[in-house]
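What follows is one structure encoded as C-alpha cells, with my remarks underneath.
Quick note on labels: first sequence line is chain A, next is B, and so on, each numbered from 1.
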There are 2 protein chains.
Amino acid sequence: MTAPRSALRADARRNREHLIATAAEAFASGQAISLDGIAKRAGVGSGTLYRHFPTREDLVEEVYRDQIRPLRDDARALLDAEQPAEALHAWMHRFAEWAGERRGICEALVAMSASGRFGTGPVCDEVQQVLSMVLEAGAEAGELRDDIDPVDVGSILASVLAVAGAPEQRAQLDRMLTIVVDGLRPRC
Amino acid sequence: MTAPRSALRADARRNREHLIATAAEAFASGQAISLDGIAKRAGVGSGTLYRHFPTREDLVEEVYRDQIRPLRDDARALLDAEQPAEALHAWMHRFAEWAGERRGICEALVAMSASGRFGTGPVCDEVQQVLSMVLEAGAEAGELRDDIDPVDVGSILASVLAVAGAPEQRAQLDRMLTIVVDGLRPRC
DNA sequence: ACACTAAACGGAGACGTCCCCGATTTGCTT
DNA sequence: AAGCAAATCGGGGACGTCTCCGTTTAGTGT
C-alpha cells in the first residue's frame with residue numbers, strides 16, 4: 001500500500017540522527033571540534049555530513065532544536081509575572097545564559113542574520129516567535145513601540161551576544177541590553 | 001655611544017611599511033585575499049608578515065590607521081550642524097559607509113570587542129574617542145544619557161555592522177541604529 | 001528470491017589559514 | 001672592514017573546510 005514513507009532512506013535517516021547526537025555531545029563537551037572530526041566520531045565520511053548539513057549553521061540549529069523549547073515557556077512565565085519591557089529584558093538574559101552554555105549558537109545566529117536568513121531554522125525561528133510575542137504584548141501595554149520588526153531585535157540580540165557573550169563580560173552585556181530594550185520604548 | 005637606535009632595524013621597518021601598503025591595496029581591491037597572498041605580493045615570506053602582525057586585526061588596524069582620521073572631522077561638523085542625538089545617528093551612518101568600503105574592518109572591531117580590547121589599536125581608539133565626544137555633547141544638551149560608556153556603544157556599533165553591514169541591508173541597519181540611538185536617550 | 005536503480009556513502013584531495021624553524025642575510029657598532 | 005646580533009627568508013606542516021566521484025546499499029518491481 002505504498003506507505004506514507006519518509007522522504008529519506010532508512011540508512012540516511014539513521015546517519016543523520018547519529019550525526020546530530022554526536023555533534024550534540026561534542027558541542028556539549030565545550031571543546032572546539034571540527035566538522036570533519038564530528039563526522040569521524042560518528043563513523044561516517046565527511047561527505048555524508050556535508051550532504052546532510054551544507055553549512056555549519058544547519059548542523060548547529062538541528063543540534064539545539066529541542067533544547068530551545070523551554071525558552072518559550074520562560075517567555076510566557078515572564079510575561080505573566082512582569083511588565084512586558086522588563087520581561088523582554090529578563091528573557092534576553094535567559095537567552096544569553098542559554099546561549100553561553102552552547103558553543104556555536106551565537107555564531108550561527110549571526111551568520112544567518114548576516115545572510116538574511118534569520119528566522120530560518122528551528123532556533124532562529126523560535127527566537128523570532130518569542131520576540132514577536134513579547135513585542136506584541138509590549139505594544140498593547142503601550143510600553144514598547146508597535147512598529148518594530150522582531151527580526152531586527154533578534155539580529156541585534158545575536159550580534160551583541162557574539163561580541164559580549166562570554167561569562168566575564170556579563171556586566172557589559174547587561175549595559176548593552178539595557179540600551180537596546182530602552183531603544184524599543186516609544187519616544188515620549 | 002650606543003646610539004638612540006630605533007626599535008626597528010631599517011629593513012624591518014621597510015618591510016613593515018611595504019606590507020601595510022600591499023595590504024591596503026589588496027583590501028581596497030575588494031577581492032578576498034589571504035594573508036599568505038599578501039605576503040607573497042609584498043615579496044616577503046609569510047613568517048615575516050606574522051612576526052609584524054600576529055593577528056589579522058593588527059594588520060587591518062594599521063592599514064586603516066590614516067584613513068579613519070577624516071571621520072573625526074565629520075563628527076565635529078555634524079555636532080555643529082545638528083542636535084547631538086541626530087549627529088550621533090548620522091555619524092554612525094557615515095561610519096557604516098566608511099566601513100562598508102573597507103573589507104575586514106568590522107570583523108576586526110568585533111574581534112577586538114569580543115576579546116575586551118576595544119579601544120586598542122588606531123581605528124578602535126579613534127572610534128572610541130569620537131563616540132566619547134558626541135556622547136558628552138549629548139549629555140550636556142540633555143539629549144543623551146550621561147552614564148553611557150563609549151566602549152559599549154562602539155561594541156554595539158561594531159556588532160550590528162558585522163550583522164547588517166552589507167549595502168543591501170541598509171534599510172535594516174537603519175532601523176537597528178535607530179533603536180540603538182533611541183536607547184541612549186534619557187528615560188522620560 | 002533476485003536483479004536493478006537511484007540514493008547515499010566515504011574518503012581522498014584541493015584549497016586556504018596560520019605557525020614554526022633553521023639557514024642565511026643585513027646593517028649597526030667599533 | 002669585520003664581527004655579531006637582529007631580522008629575514010621560504011617552505012614544510014598541522015589543521016580546518018568543503019567537493020568530487022567511484023563504490024555500496026536500500027528499497028522496489030518481478
Nucleic acid contacts - residues 48-57 of chain A versus DNA chain C, non-hydrogen atoms under 4.0 Å: Thr48(A), Arg51(A), His52(A)
Sugar-phosphate, base or nothing in reach of Arg16(A), heavy atoms under 4.0 Å: nothing
Spacing between Leu19(B) atom CG and dC9(D) atom C1', to the nearest angstrom: 13 Å
Nearest-0.5 Å distance that lies between atom CG in Asn15(A) and atom CZ in Arg9(A): 10.0 Å
Close side-chain approach of Arg185(A) to Arg145(A), heavy-atom, < 4.5 Å: no
side-chain contact (heavy atoms from CB on, under 4.5 Å) between Val151(B) and Gln172(A), intermediate numbers included: CA-CA 9 Å; Val151(B) 170; Gln172(A) 189 189 3; 4.1 Å; yes
Rounded distance [0.5 Å steps], CD in Glu57(B) versus CD1 in Ile105(B): 10.0 Å
Using residues 73-90 of chain B as the side-chain source, report each donor-acceptor pair under 3.5 Å to any protein atom, sequence neighbours left out, with the distance given to one decimal.
residue	atom	partner	partner atom	Å
Asp74(B)	OD2	Arg94(B)	NH1	3.3

Spacing of OG1 belonging to Thr55(B) relative to CG belonging to Asp58(B), to within rounding of 0.5 Å: 3.5 Å
dC18(C) base / Ser46(B) side chain donor-acceptor hit below 3.5 Å: no
Distance-only donor-acceptor pairs under 3.5 Å for side chains of residues 29-50 of chain A, two or more places apart:
residue	atom	partner	partner atom	Å
Ser29(A)	OG	Ala26(A)	O	2.7
Ser29(A)	OG	Gln31(A)	N	3.2
Ser34(A)	OG	Gly37(A)	N	2.9

Spacing of Leu59(B) atom CG relative to dC18(C) atom C1', expressed in whole Å: 14 Å
Residues within residues 29-40 of chain A bordering DNA chain D, heavy-atom distance below 4.0 Å: Ser34(A), Leu35(A), Asp36(A)
CG-CG distance between Asp152(A) and Leu157(A), expressed to the nearest 0.5 angstrom: 12.5 Å
Identify all pairs in which a protein N or O lies below 3.5 Å from an N or O of nucleotides 23-25 of chain D, and state each distance.
residue	atom	partner	partner atom	Å
dT25(D)	O2	Arg9(A)	NH1	3.3

Gap between atom CZ of Arg13(B) and atom NE2 of His52(B) - 0.5 Å precision: 10.5 Å
What donor-acceptor contacts under 3.5 angstrom involve side-chain atoms of residues 118-141 of chain A, with partners at least two apart or in another chain?
residue	atom	partner	partner atom	Å
Thr120(A)	OG1	Arg117(A)	O	2.4
Asp125(A)	OD2	Gln129(A)	NE2	2.8
Glu126(A)	OE2	Arg72(A)	NE	2.7
Glu126(A)	OE2	Arg72(A)	NH2	3.3
Gln129(A)	OE1	Arg72(A)	NH2	2.6
Ser132(A)	OG	Gln128(A)	O	3.3

Short side-chain N/O contact from Asn15(B) to OP1 or OP2 of dA7(D), under 4.0 Å: no
Nearest-0.5 Å distance, CH2 of residue Trp98(A) to CH2 of residue Trp91(A): 9.0 Å
